[in-house]
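Worksheet for the structure shown next.
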There are 2 protein chains.
Amino acid sequence: MQRKYIAKIFVTLRPSVLDPAGVAVQSGLRQLGYDNVEQVRIGKYIELTLICPNETKARNSLNKMCEQMLANTVIENYRFELIEVESQTGVF
Amino acid sequence: MQRKYIAKIFVTLRPSVLDPAGVAVQSGLRQLGYDNVEQVRIGKYIELTLICPNETKARNSLNKMCEQMLANTVIENYRFELIEVESQTGVF
């Protein structure tokens with residue numbers, strides 16, 4: 001039986017890595033009058049649909065995808081949330 | 001009294017808008033052997049620290065920031081989560 005999962009993946013710069021885009025956004029917000037914003041960090045948010053037999057395999061697969069392609073682990077961290085949406089060939 | 005909030009902002013393309021970057025990532029994953037990935041959508045994830053007197057003002061402020069600058073509401077949706085981290089001049 002195959003299950004369908006939605007994965008929400010967050011790829012963020014490691015805290016020690018400078019984020020010039022974040023600094024630019026903060027400066028832009030300041031110019032618009034938002035001087036109460038202290039720090040801005042910009043990352044990626046990836047949503048994908050995954051077909052897998054179970055959650056463990058889905059998590060393993062996602063970890064590999066992130067390591068191989070979605071995140072640059074030298075400068076980025078990643079984490080993800082997994083939501084099961086429906087069974088493909090369920091008994092229900 | 002000022003409070004400190006961390007806002008986690010998700011900016012995603014509206015469902016009706018094509019996402020060529022997402023299609024490219026899906027194709028890349030397929031070439032790496034992940035043929036169980038059905039759809040990939042790529043968005044932005046912005047984390048910022050905000051100083052505000054209360055949560056309502058923080059939410060209003062964030063909505064305005066997103067409308068004015070962080071999201072292009074013609075083609076993008078946004079949502080955010082707000083977490084209070086500490087009081088600036090608290091009584092604790």
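Proteins get letters first, then strands, A, B, ... in listed order; numbering begins at 1 in each.
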(message) By the definition side-chain contact (heavy atoms from CB on, under 4.5 Å), identify the one residue from B:Ile46, B:Ile9, B:Thr49 that meets it with A:Val40.
(response)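 With A:Val40 as partner, B:Ile46, B:Ile9, B:Thr49 yield a single side-chain contact (heavy atoms from CB on, under 4.5 Å), made by B:Ile46.
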(message) Just so I know, are the side chains of B:Tyr34 and A:Met69 near enough to count as touching, which here means a heavy-atom distance under 4.5 Å?
(response)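 Side chain of B:Tyr34 against side chain of A:Met69, heavy atoms only: no contact under 4.5 Å found.
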(message) Between B:Lys64 and chain A, with a heavy-atom cut-off of 4.5 Å, which part of the residue counts as in contact: side chain, backbone, both or neither?
(response)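 B:Lys64 touches chain A through backbone and side-chain heavy atoms alike.
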(request) Between chain B and each of A:Ile6, A:Val25, A:Asn36, A:Leu48, count heavy-atom pairs under 4.5 Å; write down the option with the most. (result)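 Maximum pair count with chain B is reached by A:Asn36.
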[X] and [Y]: same hydrophobic cluster, using ILVMFWY side-chain contacts below 4.5 Å?
| X | Y | result |
| --- | --- | --- |
| A:Leu82 | A:Tyr78 | yes |
| A:Leu18 | A:Ile75 | no |
| A:Leu50 | B:Leu29 | yes |

(request) Taking atom CD1 of A:Ile83 as the centre, report whether more than 12 heavy atoms of other residues, nucleotides or ligands fall under 6.0 Å from it. (result)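 Counting neighbours around CD1 of A:Ile83, more than 12 heavy atoms of other residues, nucleotides or ligands fall under 6.0 Å, so yes.
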(request) Count the heavy-atom pairs under 4.5 Å between each of B:Leu70, B:Val37, B:Val11, B:Ile42 and chain A, then report the option with the highest count. (result)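 Heavy-atom pair counts peak at B:Val37.
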(request) Pick whichever of B:Gln68, B:Met65, B:Lys44 has the most heavy-atom pairs under 4.5 Å with chain A. (result)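 Highest number of heavy-atom pairs under 4.5 Å: B:Met65.
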(request) Search all heavy atoms of A:Arg79 against all heavy atoms of B:Tyr45 and return the closest pair with its distance. (result)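 What the structure gives for the nearest pair is NH2-OH, 3.6 Å.
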(message) My understanding is that a hydrophobic cluster links ILVMFWY residues whose side chain heavy atoms are under 4.5 Å apart, including indirect links. Using that, what else belongs to the cluster containing B:Val23?
(response)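 ILVMFWY cluster around B:Val23 holds nothing else.
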